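Remember, it's a predicted structure, so these values are computed and weren't measured experimentally.
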Amino acid sequence: MNTVFDINSLARENIRKLVPYMSARRLGGNGTLWLNANEYPVSPDFQLTENSLNRYPECQPAAVIQRYANYAGLQPEQVLVSRGADESIELLLRVFCEPGRDAMLFCPPTYGMYSVSAEAFGIEQKKIPVKADWQLDLAAIENNLERVKLIYICSPNNPTGNLVDPAALRKILDLARNRAIVAIDEAYIEFCPQQDTTRWLQNYPNLVILRTLSKAFALAGLRCGFTLASADIIKLMLKVIAPYPLATPVADIAAQALTETGIRTMRARVAENTDNRLYLQQELRKSALVETVYPSETNYILVKFTDAEKVFKSLWDQGIILRDQRKQPGLENCLRITIGSRDECEQLINAINELSNPSQQIKEI
């Protein structure tokens with residue numbers, strides 16, 4: 001009698017147990033208003049200029065590297081381009097962490113791919129929750145650095161939207177000096193450019209900065225990210241990156257986005273988004289269903305509702321898709337809302353107002 005072979009028996013044990021990161025698109029939904037992935041609401045208009053699809057692309061396209069280096073105020077040898085910042089998260093783990101020996105550290109609630117990537121590579125995780133004000137618990141981090149080779153800090157943090165205190169970042173860099181890499185994820189830094197840490201690279205050889213074109217540059221579909229670090233760290237990452245990480249069309253459009261015109265357009269987009277964020281925060285604070293609207297330095301806001309499950313499901317059924325954060329530590333009844341166009345913000349407010357119960361109390365921060 002033949003038995004059915006279970007292919008899962010061949011998989012690594014940690015992969016069998018792994019709970020995958022659920023991106024916005026994997027979560028699905030039948031949306032008309034997509035406010036769950038921190039995307040820009042309108043697609044930019046680019047035309048391909050390269051006509052060499054029969055050839056493999058450069059591993060590190062020179063025009064993309066040079067233009068991003070110019071934009072960041074760095075040298076080209078300090079820049080690596082990859083398939084989104086997500087690829088850099090994995091490259092750093094592969095370069096610096098030995099499975100079964102080393103550990104990585106991060107501070108939830110934060111971006112989920114730090115944990116998923118570490119689990120996939122079999123790297124021990126040290127999870128140090130942030131404090132009540134969502135700032136780093138420096139004492140707890142200092143007491144848990146044994147065997148830690150890599151620290152991920154997201155600033156501004158996703159999903160909370162807050163900046164990490166720069167003094168705390170410097171403290172972590174000092175604590176980790178000569179023992180661990182500190183990777184600061186600046187995916188949303190264009191929304192608060194005065195807080196970027198690129199100038200710190202000359203003083204901290206263990207600093208790595210992660211960037212992306214997905215947010216302020218409105219190119220989430222391009223999947224193009226950057227690592228900024230010392231030339232020595234970039235050389236190590238180039239040893240393990242895929243032979244051709246950027247497709248020719250991706251490199252073509254990325255180079256166009258990083259021209260002076262493209263950067264001016266991005267900054268105008270940020271200004272518009274910031275205005276819409278302030279409007280949405282103000283209007284949400286008037287709702288009887290809203291308990292707290294948290295401050296944000298990004299293109300999204302975190303909102304605590306009196307009954308987040310009801311709000312999330314009701315809006316979902318109407319095709320208004322938000323990001324449910326209730327399972328994250330410390331984020332009970334919290335939903336994350338991407339800042340859309342002014343019209344989208346108004347549609348969201350109208351839908352929430354229709355759900356609200358006027359007898360409830362409004363609580364603002």
Side-chain angles (χ1 to χ4, degrees), residues 21-44 109 111-112 134 156-162 187-188 191 214-216 218 220-221 269-328 330-365:
Y21 178 76
M22 296 303 292
S23 67
R25 295 301 168 262
R26 289 183 77 173
L27 286 169
N30 185 21
T32 55
L33 219 61
W34 292 99
L35 303 177
N36 66 336
N38 304 339
E39 302 153 322
Y40 187 69
V42 180
S43 177
Y111 183 43
W134 291 337
N157 188 40
N158 177 14
T160 55
N162 67 291
Y188 300 92
F191 297 95
S214 294
K215 312 303 179 184
R269 194 179 290 123
V270 167
E272 173 201 22
N273 189 275
T274 300
D275 286 343
N276 288 340
R277 184 183 74 212
L278 295 174
Y279 164 79
L280 186 59
Q281 289 173 314
Q282 179 181 352
E283 294 301 312
L284 282 169
R285 289 189 175 111
K286 300 175 184 177
S287 172
L289 291 177
V290 172
E291 182 174 328
T292 307
V293 179
Y294 293 102
S296 174
E297 298 287 346
T298 66
N299 66 341
Y300 56 87
I301 54 175
L302 188 72
V303 181
K304 187 172 186 178
F305 289 89
T306 56
D307 187 348
E309 182 177 8
K310 172 187 173 182
V311 172
F312 180 81
K313 186 178 186 308
S314 297
L315 294 178
W316 178 284
D317 291 342
Q318 297 176 56
I320 301 174
I321 312 300
L322 309 184
R323 184 72 166 187
D324 190 351
Q325 298 292 337
R326 292 175 296 150
K327 293 183 180 180
Q328 286 252 40
L331 301 187
E332 294 81 8
N333 266 326
C334 287
L335 305 178
R336 192 191 69 194
I337 305 173
T338 301
I339 309 303
S341 65
R342 181 59 62 96
D343 179 67
E344 288 176 331
C345 290
E346 290 172 351
Q347 289 183 60
L348 173 65
I349 292 298
N350 290 337
I352 290 176
N353 287 341
E354 290 178 3
L355 297 173
S356 63
N357 181 348
S359 65
Q360 290 181 295
Q361 295 294 315
I362 302 174
K363 182 179 179 182
E364 299 183 9
I365 60 169

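The side chain to side chain donor-acceptor pair (under 3.5 Å) test with R336 is passed by exactly one of D324, N158, N36: N158. Screening R277, E344, Q281 for a side chain to side chain contact (heavy atoms under 4.5 Å, CB included) with I339, the sole residue that qualifies is R277. Y188 pairs with exactly one of T298, N157, N38 by the side chain to side chain donor-acceptor pair (under 3.5 Å) rule, that one being N38.
Considering all non-hydrogen atoms of both residues, K215 and A187 come closest at CG-O, 3.5 Å. Between P156 and G161, the shortest heavy-atom contact is CB-O, 4.2 Å. Nearest heavy atom pair, residue A216 against residue R269, reads O-NH1, 3.0 Å. In terms of heavy-atom proximity, K304 sits nearest to E332 at CE-O, 3.5 Å.
No side-chain donor from either of E346 and N350 sits under 3.5 Å from a side-chain acceptor of the other.
For E283, the salt bridge (charged side-chain N to carboxylate O under 4.0 Å, His left out) partners at least two apart in sequence or on another chain are K286. Residues meeting the side-chain hydrogen bond (donor to acceptor under 3.5 Å, both in side chains) test with N276, sequence neighbours left out: R342. With sequence neighbours excluded, no residue forms a side-chain hydrogen bond (donor to acceptor under 3.5 Å, both in side chains) with Y300.
Distance check, rounded to the nearest 0.5 Å: CG of L335 to CZ of R326 gives 7.0 Å. For the atom pair OH of Y294 and CG of L302, the computed distance is 6.5 Å after rounding to the nearest 0.5 Å. Here the CD1 atom belonging to I337 is positioned 5.0 Å from the CD1 atom belonging to I352, to the nearest 0.5 angstrom. In this structure, OG1 on T32 lies 6.5 Å from CD1 on I320, to the nearest 0.5 angstrom. Between atom CG of residue L355 and atom CD of residue Q318 there is a gap of 6.0 Å, rounded to the nearest 0.5 Å. Rounding to the nearest 0.5 angstrom, the gap separating the CG atom in D275 from the CG atom in L280 is 12.5 Å.
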Let's go through L284 and I301 carefully: what are the C-alpha distance in whole Å and the side-chain angles of both, what is the deciding distance for side-chain contact (heavy atoms from CB on, under 4.5 Å) to 0.1 Å, and is it a yes or a no? CA-CA 11 Å; L284 282 169; I301 54 175; 3.5 Å; yes
What verdict does the side chain to side chain donor-acceptor pair (under 3.5 Å) test give for T160 and N162, after you've listed the backbone C-alpha separation in whole Å, the side-chain angles of each residue and the deciding distance to 0.1 Å? CA-CA 6 Å; T160 55; N162 67 291; 2.4 Å; yes
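Between P109 and Q325, every side-chain heavy-atom pair lies at or beyond the 4.5 Å cut-off. Inter-residue side-chain proximity for Q347 and L33 is flagged as met; some heavy-atom pair is nearer than 4.5 Å.
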